[in-house]
Amino acid sequence: MKHVITLLGATGSIGDSTLDVIARHPDRFAVGAVAANCNHAKMLDLCRRFRPQVAALADRDAARALARGIAAEGLPTRVLAGEEGLAEAASLEGVDTVLAAIVGGVGLPATLAAARCGKRILLANKEAMVIGGRLFIDAVAKGGATLLPIDSEHNAIFQCLPPTYARCPEDAGVRRILLTASGGPFHPHPEVDFDTVTPREACAHPNWTMGRKISVDSATMMNKGLEVIEARWLFNVEPSQIEIVVHRQSVVHSLVEYVDGSVLAQMSNPDMRTPIAQALGAPERLASGAAPLDLARLATLTFEAPDRQRFPCIDLAYDALAADPAAPIALNAANEVAVDAFLNGHARFSDIPRTCEGVLERRTLTHVASLDDALAADAEARRLARESLRLDER
Ligand code: NDP
């Protein structure tokens with residue numbers, strides 16, 4: 001039977017890679033719904049190519065433009081709008097798999113909707129996991145959903161754990177998780193002045209082609225901090241069991257160390273189609289289109305400790321995990337505001353960790369027992385970050 005998929009974030013970089021894999025296996029997969037924010041032109045093109053039942057855009061004007069295009073071409077797709085339209089696309093009857101690849105915390109409600117109706121969730125949207133934390137994991141369990149990681153590091157860990165792993169590292173003999181990090185464009189260049197870095201320089205990742213937000217996160221190494229938080233919840237490991245290792249080549253995507261001293265690694269070329277195909281096909285293996293790994297040509301794989309002074313976002317993430325349940329939410333929210341300001345020319349690269357640190361110090365909300373609490377902590381941190389960067393005075 002074919003898997004029917006909702007693709008949240010269909011117009012982005014993960015969306016492109018996913019549709020490439022899906023198009024290679026028309027006998028196995030059909031696109032049931034596509035969702036994004038405002039890119040109606042690309043969405044119309046996806047509707048032509050994949051003929052989904054539903055297309056949802058968060059931006060209502062863009063949704064109207066898409067509906068006009070769909071009507072003009074007589075396509076069979078129903079257009080939905082707004083946050084509720086995204087949630088409907090994620091919980092559509094007949095869809096069994098939801099690939100969550102919206103960028104930012106804004107992707108949480110639709111991903112939670114998929115969890116509550118028991119879908120198989122392929123998760124790229126790490127910010128949703130960081131904000132949702134334990135609440136998200138509980139919603140997955142309660143809704144009878146399945147969670148498979150797409151983020152290359154977490155997908156690598158998933159592949160290195162036993163297939164029977166039941167969220168208990170002790171039972172599985174797991175001692176540590178080693179999260180690899182490329183270090184981004186600036187790690188090997190101590191001479192770079194973080195006050196003058198431009199968005200183009202920050203987005204020039206040495207190994208991966210990704211969306212702009214995650215590219216900046218890689219450059220500050222906040223991406224690795226968010227991934228530590230993501231790993232903590234996905235695999236139920238203590239933060240002290242997660243170590244970051246800088247591995248410039250992005251070939252070893254992460255490792256799991258067992259109590260007997262064995263260390264298992266997953267290796268592949270840096271191409272997101274590999275983890276996406278792994279999760280789409282699991283437990284079977286599917287061709288992804290990624291080039292085979294040529295180890296002799298690579299010759300050298302290097303590993304080193306991260307520079308935690310130059311990249312303070314790593315410690316901010318560990319500190320947030322140790323503080324209280326609202327701290328990772330505040331960290332993520334402050335980072336989203338600061339990265340957006342940097343990409344729009346309203347903040348310096350060096351303002352990103354500074355803003356996050358200031359928000360963590362000034363916030364007042366620390367209690368998270370419900371989604372409303374989580375959203376309140378998120379809103380407070382966004383307000384504090386905007387104040388700190390004086391964004392409303394512009
Ligand atoms: P992109 O910037 O390329 O794409 C973002 C997607 O999210 C677009 O489809 C965009 O729609 C959509 N979107 C943005 N805002 C909203 C909104 N308010 N409502 C609905 N949809 C919205 O990002 P990436 O594909 O690079 O990353 C997506 C997620 O995957 C991120 O969380 C990232 O951390 C994670 N990830 C990405 C990797 C990569 O290699 N790219 C690797 C591992 C994880 P529109 O085009 O209409 O604006």
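Positions are given from 1, in the same order as the sequence printed here. Both counts, for ligands and for their atoms, begin at 1 and track the order of listing. Keep in mind that the numbers below use all heavy atoms, side chains included, and drop hydrogens, waters and symmetry copies.
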Go through the steps for Lys126 and Asn332 under the test side-chain hydrogen bond (donor to acceptor under 3.5 Å, both in side chains), then give the verdict. CA-CA 10 Å; Lys126 63 190 81 184; Asn332 176 70; over 6 Å; no

Is the distance between the ring centroids of Phe186 and Phe194 under 6.0 Å? yes

Not counting sequence neighbours, which residues clear salt bridge (charged side-chain N to carboxylate O under 4.0 Å, His left out) with Glu153? List them please. Lys224

For Phe136, what residues pass the ring-ring contact (aromatic ring centres under 6.0 Å, His included) criterion, not counting sequence neighbours? none

Report yes if the side chains of Thr11 and Asn37 come closer than 4.5 Å at any heavy-atom pair, otherwise no. no

Show me, by chain and number, every protein residue that has a heavy-atom distance under 4.0 Å to ligand 1. Gly9, Ala10, Thr11, Gly12, Ser13, Ile14, Ala36, Asn37, Cys38, Asn39, Ala58, Leu86, Ala101, Ile102, Val103, Val106, Ala124, Asn125, Lys126, Glu127, Asp151, Met210, Gly211, Ile214, Met272

Just distance, no hydrogens or angles: give the donor-acceptor pairs under 3.5 Å from side chains in residues 66-73, sequence neighbours left out.
residue: Glu73; atom: OE1; partner: Arg48; partner atom: NE; Å: 2.8
residue: Glu73; atom: OE2; partner: Arg48; partner atom: NE; Å: 3.1
residue: Glu73; atom: OE2; partner: Arg48; partner atom: NH2; Å: 2.7

